[in-house]
*Asks:* 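Got a structure for you, written out below as structure tokens; questions coming shortly.
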Amino acid sequence: MVNTVFLVKVAGYSGWMTLLYLIPIVGLIFHIIVSIRVGRAFGHGGFFSFFLLVVFWVIGYLILAFSDDRYRPERI
């Protein structure tokens, strides 16, 4: 749960927005929005963010972790 709080903060939202994950349909939509914003903060587009951070999330987060991409909050 703590990693979800930090992921939401990386996406540019308050940590309290993590509570939206507890609401069934809203949580799924909010997860897609957070994933797109995290991908954008690392310099990737919507296609990468949706397919590799939502659908194939293991591969997508490994790419973000081990690539030379840098987090820049002004990209959000």
Side-chain angles (χ1 to χ4, degrees):
M1 188 69 173
V2 175
N3 60 345
T4 308
V5 172
F6 286 114
L7 184 67
V8 170
K9 285 186 177 184
V10 165
Y13 293 117
S14 170
W16 287 102
M17 296 287 282
T18 306
L19 294 175
L20 289 176
Y21 278 105
L22 298 175
I23 305 170
I25 294 175
V26 175
L28 177 66
I29 294 169
F30 186 64
H31 176 67
I32 293 170
I33 293 169
V34 165
S35 297
I36 289 173
R37 287 178 63 115
V38 167
R40 199 179 322 156
F42 280 93
H44 296 284
F47 181 79
F48 173 88
S49 300
F50 181 75
F51 284 106
L52 285 180
L53 295 180
V54 176
V55 180
F56 302 111
W57 59 273
V58 174
I59 297 169
Y61 284 112
L62 284 173
I63 289 172
L64 286 182
F66 294 110
S67 68
D68 290 333
D69 302 331
R70 298 288 176 229
Y71 171 73
R72 294 189 184 156
E74 64 269 2
R75 291 182 187 162
I76 298 177

*Asks:* Report all side-chain donor-acceptor pairs from residues 1-18 shorter than 3.5 Å, counting only partners two or more places apart or in another chain.
*Replies:*
residue: S14; atom: OG; partner: W16; partner atom: N; Å: 3.4
residue: T18; atom: OG1; partner: G15; partner atom: O; Å: 2.8

*Asks:* Taking side-chain contact (heavy atoms from CB on, under 4.5 Å) as the test, write out the residues that go with R72, two or more places apart.
*Replies:*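 Counting only residues at least two positions away or on another chain, R72 forms a side-chain contact (heavy atoms from CB on, under 4.5 Å) with E74, R75.
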*Asks:* Measure the spacing between CG of L19 and CZ of F30 and express it to the nearest 0.5 Å.
*Replies:*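 Taking CG in L19 and CZ in F30, the distance rounds to 9.5 Å.
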*Asks:* Would you say that more than 12 heavy atoms from the other residues, nucleotides or ligands in this model lie under 6.0 Å from the CD1 of I25, or not?
*Replies:*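 No - once you tally the heavy atoms of other residues, nucleotides and ligands closer than 6.0 Å, there are 12 at most.
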*Asks:* Mind listing the closest non-hydrogen atom pair of A41 and Y71 along with its distance?
*Replies:*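 What the structure gives for the nearest pair is CB-CE1, 3.6 Å.
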*Asks:* Please report the shortest heavy-atom distance between R37 and I76, naming the atom on each side.
*Replies:*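 Looks like NH2-CG2, 2.8 Å.
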*Asks:* Mind checking whether I29 and I32 have side chains closer than 4.5 Å, heavy atoms only?
*Replies:*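 Answer no - side chains too far apart.
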*Asks:* Could you list the donor-acceptor pairs under 3.5 angstrom formed between side-chain atoms of residues 42-64 and any protein atom two or more places apart in sequence or on another chain?
*Replies:*
residue: H44; atom: NE2; partner: D69; partner atom: OD2; Å: 2.6
residue: S49; atom: OG; partner: G45; partner atom: O; Å: 2.8

